[in-house]
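Just follow the structure's listing: the first ligand is 1, and inside any ligand the first atom is 1. Just so we're clear, the structure is a prediction, and the values are computed from it rather than from any experiment.
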Amino acid sequence: MKTLTVDLADRSYPIFIGQSLIDQTELFAPYIKGKQVMIVTNTTVAPLYLEQVKSALTDYAVDEVILPDGEEYKNLDTLNLIFDALLEKRHNRTTTLIALGGGVIGDMTGFAASCYQRGVDFIQVPTTLLSQVDSSVGGKTAVNHRMGKNMIGAFYQPKCVIADISVLNTLPQRELSAGIAEVVKYGLICNYEFYQWLEKNMEALASYDSAVLAMAVELSCLDKAAVVAEDEREGGIRAILNFGHTFGHAIETNQGYGVWLHGEAVAAGMVMAADMSWRLGNITQTEVHGLQSLLKRAQLPCIPPSEMTNQNFIDLMQIDKKVLDGKLRLVLLSSIGEAVVTSDFSTDTLHQTLAAGERLGL
Ligand code: NAD
Ligand code: GLY
């Protein structure tokens, strides 16, 4: 097992990465201060892993709430089901919430923990590749609004993250691929060596090779932890973690939550951001094509939905959280392995990228 640390002074916490971790009492116990535990999971993950997690928690009074599965349920109504369960079972301020599932469960459980009785502890047990490499680390929690992704939420850090690589074996291929999009993101924005490693190991990664998966999770979490430690509440550098997301969130919202997976939308969004970086002279067109073929090797989409118009994108991108004083800011590449947050581009260049959607296909 590897242990990494997210270094945030008195809110620092460990990330445990390894095989067969979710039934290990000693990983949970130091991070549970009271006697009550509420496991939050969903209808897909519960039959697979709930009993294993419960077997690690026999010293506690454990309750569970099993939510409907899907991005379309990541909203305030579903959040209320968590509060209902906590109140019905009389959970007090010393309770600990455990998020057992992918990013949807992690984001909702974290947000519930941030506001239940003004804040209780929570532990992340991410069960998708995407949640192990990204959403479980760094304390961003939220639910969606019909007008925009993750618009209602809080920064709230977990007490620990338990990333069990063996649970990824039951993940459908499409979900594994979606997670790979966020892995590729780290290579692009801050780690050229990692990007080169991914170019060598993509087939192994996309076919569930456990050693390669473990390495990808570790390298991704190292990069994410470093960025979060520097800028927890996204005053600056943390925005680079949203590379591809301004375009991607527009796709997710336009198509209806859950139609395009988050990682799929991010993949197409990263190609759009790379295309724009090329138009601004920062990277070569060959590098944009290289990114497209890397994503294709992971069975990810590389172009936005054909029916989305420039205006669809512009309307949705205007409510992005990076918009400042009405001005759109984008995360672009200054080179492969380095990102910059900028509003220094012309509307024409943005429109050229949006219009290029069809032509981005190889
Ligand atoms: P998800 O939570 O919807 O999980 C994907 C699917 O896999 C679901 O059907 C789930 O039930 C199923 N599943 C989970 N674990 C499984 C397993 N081990 N075996 C079989 N099936 C399993 O999606 P996701 O990709 O994990 O997360 C996407 C969400 O994360 C989005 O809402 C996105 O906005 C959010 N996100 C948040 C952050 C952050 O910093 N907080 C970062 C990136 C993404
Ligand atoms: N996934 C973006 C962030 O954590 O900041």
Side-chain angles (χ1 to χ4, degrees), residues 6 22 40-50 52-53 66-75 78 99-111 114 124-144 148-151 153-158 161 163-183 185-186 189 208 213 220-221 223-225 227-228 230-246 248-249 252-253 257-258 260-267 321-322 331 341:
V6 183
I22 58 170
V40 183
T41 186
N42 71 24
T43 48
T44 304
V45 178
L48 294 168
Y49 302 114
L50 180 58
Q52 284 184 60
V53 173
I66 299 176
L67 302 177
D69 182 10
E71 182 75 35
E72 63 273 34
Y73 296 106
K74 186 178 157 182
N75 55 35
T78 313
L100 173 65
V104 169
I105 288 293
D107 281 12
M108 281 200 292
T109 307
F111 188 34
S114 79
Q124 288 272 19
V125 184
T127 61
T128 61
L129 180 62
L130 187 139
S131 56
Q132 294 189 353
V133 298
D134 194 352
S135 62
S136 65
V137 173
K140 276 191 182 176
T141 75
V143 293
N144 300 327
K149 275 275 294 174
N150 296 332
M151 280 295 157
F155 286 97
Y156 197 68
Q157 302 294 341
V161 179
D164 185 337
I165 303 299
S166 38
V167 305
L168 301 179
N169 286 326
T170 53
L171 204 58
Q173 177 73 59
R174 191 175 162 205
E175 299 291 351
L176 186 80
S177 295
I180 293 175
E182 300 279 13
V183 175
K185 177 187 77 179
Y186 295 109
I189 60 171
Y208 299 81
L213 277 169
S220 300
C221 286
D223 284 338
K224 177 137 193 193
V227 173
V228 169
E230 202 178 323
D231 177 23
E232 181 184 7
R233 296 176 72 91
E234 203 167 307
I237 184 78
R238 182 165 178 168
I240 66 169
L241 296 173
N242 295 317
F243 180 67
H245 285 56
T246 304
H249 283 167
E252 281 184 273
T253 307
Y257 299 129
W260 275 54
L261 300 182
H262 176 71
E264 293 171 340
V266 166
K321 291 190 283 308
K322 284 183 297 305
V331 187
V341 186

Part of [X] within contact of ligand 1 (heavy atoms, under 4.0 Å):
{"X": "L241", "answer": "neither"}
{"X": "K224", "answer": "side chain"}
{"X": "L168", "answer": "neither"}

Item to check | Results of salt bridge (charged side-chain N to carboxylate O under 4.0 Å, His left out) for E175 - residues two or more places apart only | outcome: none
May I ask you to list the atoms of ligand 1 that are less than 4.0 angstrom from any heavy atom of [X]?
{"X": "D134", "result": "42 (C), 43 (C)"}
{"X": "Y49", "result": "18 (N)"}
{"X": "N42", "result": "10 (C), 11 (O)"}
{"X": "K149", "result": "31 (C), 32 (O), 33 (C), 34 (O)"}
{"X": "V45", "result": "11 (O), 13 (N), 14 (C), 15 (N)"}
{"X": "D69", "result": "8 (C), 9 (O), 10 (C), 11 (O)"}
{"X": "L48", "result": "19 (N), 20 (C)"}
{"X": "S135", "result": "36 (N), 37 (C), 38 (C), 39 (C), 40 (O), 41 (N), 42 (C), 43 (C), 44 (C)"}

With no hydrogens and no angle check, do the side chains of [X] and [Y] hold a donor and an acceptor under 3.5 Å apart?
{"X": "H245", "Y": "E182", "value": "yes"}
{"X": "S220", "Y": "D223", "value": "no"}
{"X": "Y49", "Y": "T170", "value": "yes"}
{"X": "E234", "Y": "N242", "value": "yes"}

Checklist outcome for this item: Rounded to the nearest 0.5 angstrom, the OG-NE2 distance for S131 and H262 is 11.0 Å
Checklist entry - Atom OH in Y257, atom CG in N144: separation rounded to 0.5 Å? => result 4.5 Å
As a test of reading the model: which N/O atoms of the protein lie under 3.5 Å from N/O atoms of ligand 2, and at what distance?
unit_1, atom_1, unit_2, atom_2, d
ligand 2, 1 (N), D134, OD1, 3.2
ligand 2, 4 (O), K224, NZ, 2.5
ligand 2, 4 (O), R238, NH2, 2.8
ligand 2, 5 (O), K140, NZ, 2.9
ligand 2, 5 (O), R238, NE, 2.7
ligand 2, 5 (O), R238, NH2, 3.3

My understanding is that we take every heavy atom of each candidate and find the minimum distance to [atom]. Doing that for [options], which one comes out nearest?
{"atom": "atom 7 (O) of ligand 1", "options": "R174, E71, E175", "answer": "E175"}
{"atom": "atom 25 (O) of ligand 1", "options": "D107, L130, L129, N169", "answer": "L130"}
{"atom": "atom 15 (N) of ligand 1", "options": "T41, N150, V125, T127", "answer": "T127"}
{"atom": "atom 27 (O) of ligand 1", "options": "A142, G258, G103", "answer": "G103"}
{"atom": "atom 41 (N) of ligand 1", "options": "Q124, E252, K140", "answer": "K140"}

Item to check | atom 3 (O) of ligand 1: nearest protein contact (heavy atom, Å) | outcome: V104 CG2, 3.4 Å
Checklist entry - Do D164 and V125 have side-chain heavy atoms sitting under 4.5 Å apart? => result no
Item to check | Side-chain heavy atoms of K140 within contact of D107, under 4.5 Å | outcome: no
Next on the checklist: Is there a polar contact, in the sense of an N or O pair closer than 3.5 Å, between K74 and ligand 1?
Outcome noted: yes
Checklist entry - Does atom OH of Y73 have more than 12 heavy-atom neighbours, drawn from other residues, nucleotides or ligands, at distances under 6.0 Å? => result no
